Amino acid sequence: MANKSKYVTVTDETFESEVLQSSQLVLVDFWAGWCGPCRMIAPVIEALAADFEGLARVAKVDVDDNPRVAARYGIRSIPTLLLFKDGQVVDRVIGMVPKNVLADKLTFLLKAA
């Protein structure tokens, strides 16, 4: 049985509907296929998507394919992870971080609802 991804792939065209208009907390991973640290953190992002399913959304944006949304949020280094609540950025993490750091941030923001 194949694993089905719990995260959503977002584009310049779908960012507003998938992230900004979401009623849930959203973790957005800005990444690129050529980025080593992005590939290293990918399993962490996928695990968080499964762990927080139904509580928060997890989205991935390929910055090479979606330059408008990356520019809009000033993404200069990848991976960059933005947390959105009610359409607003409420936290930002740049670079590779352990899963528990991201899980703690998600849990804190969910409790602050």
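This structure is a prediction, so every number in the text was calculated from the model and none was measured.
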Are side-chain heavy atoms of [X] and [Y] found at a separation under 4.5 Å?
| X | Y | answer |
| --- | --- | --- |
| R68 | E13 | yes |
| K85 | Q24 | no |
| I45 | V58 | yes |
| Q21 | E16 | yes |
| L48 | K99 | yes |
| L83 | K105 | yes |

Determine which pairs satisfy disulfide (SG to SG under 2.5 Å) with at least one residue from [range], sequence neighbours left out, and list them in order.
| range | result |
| --- | --- |
| residues 5-96 | C35-C38 |
| residues 42-85 | none |
| residues 65-97 | none |

Could you give the distance from CG (L55) to CG (L110), rounded to the nearest 0.5 Å?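 So the gap between those two atoms works out to 6.0 Å.
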Roughly how far, to the nearest 0.5 Å, is CG of L27 from CG of L25?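 Result: 7.5 Å between the selected atoms.
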Closest non-hydrogen atom pair, D62 against A32: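 Taking every non-hydrogen atom into account, OD1-CA, 4.2 Å.
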For a side chain to side chain donor-acceptor pair (under 3.5 Å) check, start with the C-alpha distance between T14 and S17, then their side-chain angles and the critical distance, and finish with the verdict. CA-CA 6 Å; T14 63; S17 63; 5.5 Å; no
Kindly indicate, with the supporting measurements, whether the criterion side chain to side chain contact (heavy atoms under 4.5 Å, CB included) is fulfilled by T80 and V93. CA-CA 6 Å; T80 292; V93 177; over 6 Å; no
Does atom CG of D86 have more than 12 heavy-atom neighbours, drawn from other residues, nucleotides or ligands, at distances under 6.0 Å?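 Open.
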With a 3.5 Å distance limit and no angle check, can you tell me whether R57 reaches the backbone of A49 through a side-chain donor-acceptor pair?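 No, R57 side chain to A49 backbone: no donor-acceptor pair under 3.5 Å.
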By the salt bridge (charged side-chain N to carboxylate O under 4.0 Å, His left out) test, which pairs, at least two apart or in different chains, include something from residues 29-43?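 For residues 29-43, and leaving out neighbouring residues, the salt bridge (charged side-chain N to carboxylate O under 4.0 Å, His left out) pairs sorted by first residue read D29-K60.
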Under a single-linkage rule joining Ile, Leu, Val, Met, Phe, Trp and Tyr whose side-chain heavy atoms are separated by less than 4.5 Å, which residues share a cluster with I75?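 Listed partners: V8, V10, F15, V19, L20, V26, V28, F30, W34, V61, V63, V69, Y73, I78, L82, F84, V89.
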Decide whether V44 and V97 are clustered together by the hydrophobic rule: side chain heavy atoms of Ile, Leu, Val, Met, Phe, Trp, Tyr closer than 4.5 Å, transitively.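 Yes, one cluster joins them.
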Establish whether I41 and I94 are linked, either directly or via other cluster members, by ILVMFWY side-chain heavy-atom contacts under 4.5 Å.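 As far as the 4.5 Å side-chain criterion goes, I94 and I41 are not connected within one cluster.
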Would you please test T11 and D65 for side chain to side chain contact (heavy atoms under 4.5 Å, CB included) and show each step? CA-CA 8 Å; T11 66; D65 294 338; over 6 Å; no
Any ring-ring contact (aromatic ring centres under 6.0 Å, His included) pairs touching residues 39-72, not counting sequence neighbours?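 Not a single pair qualifies under ring-ring contact (aromatic ring centres under 6.0 Å, His included).
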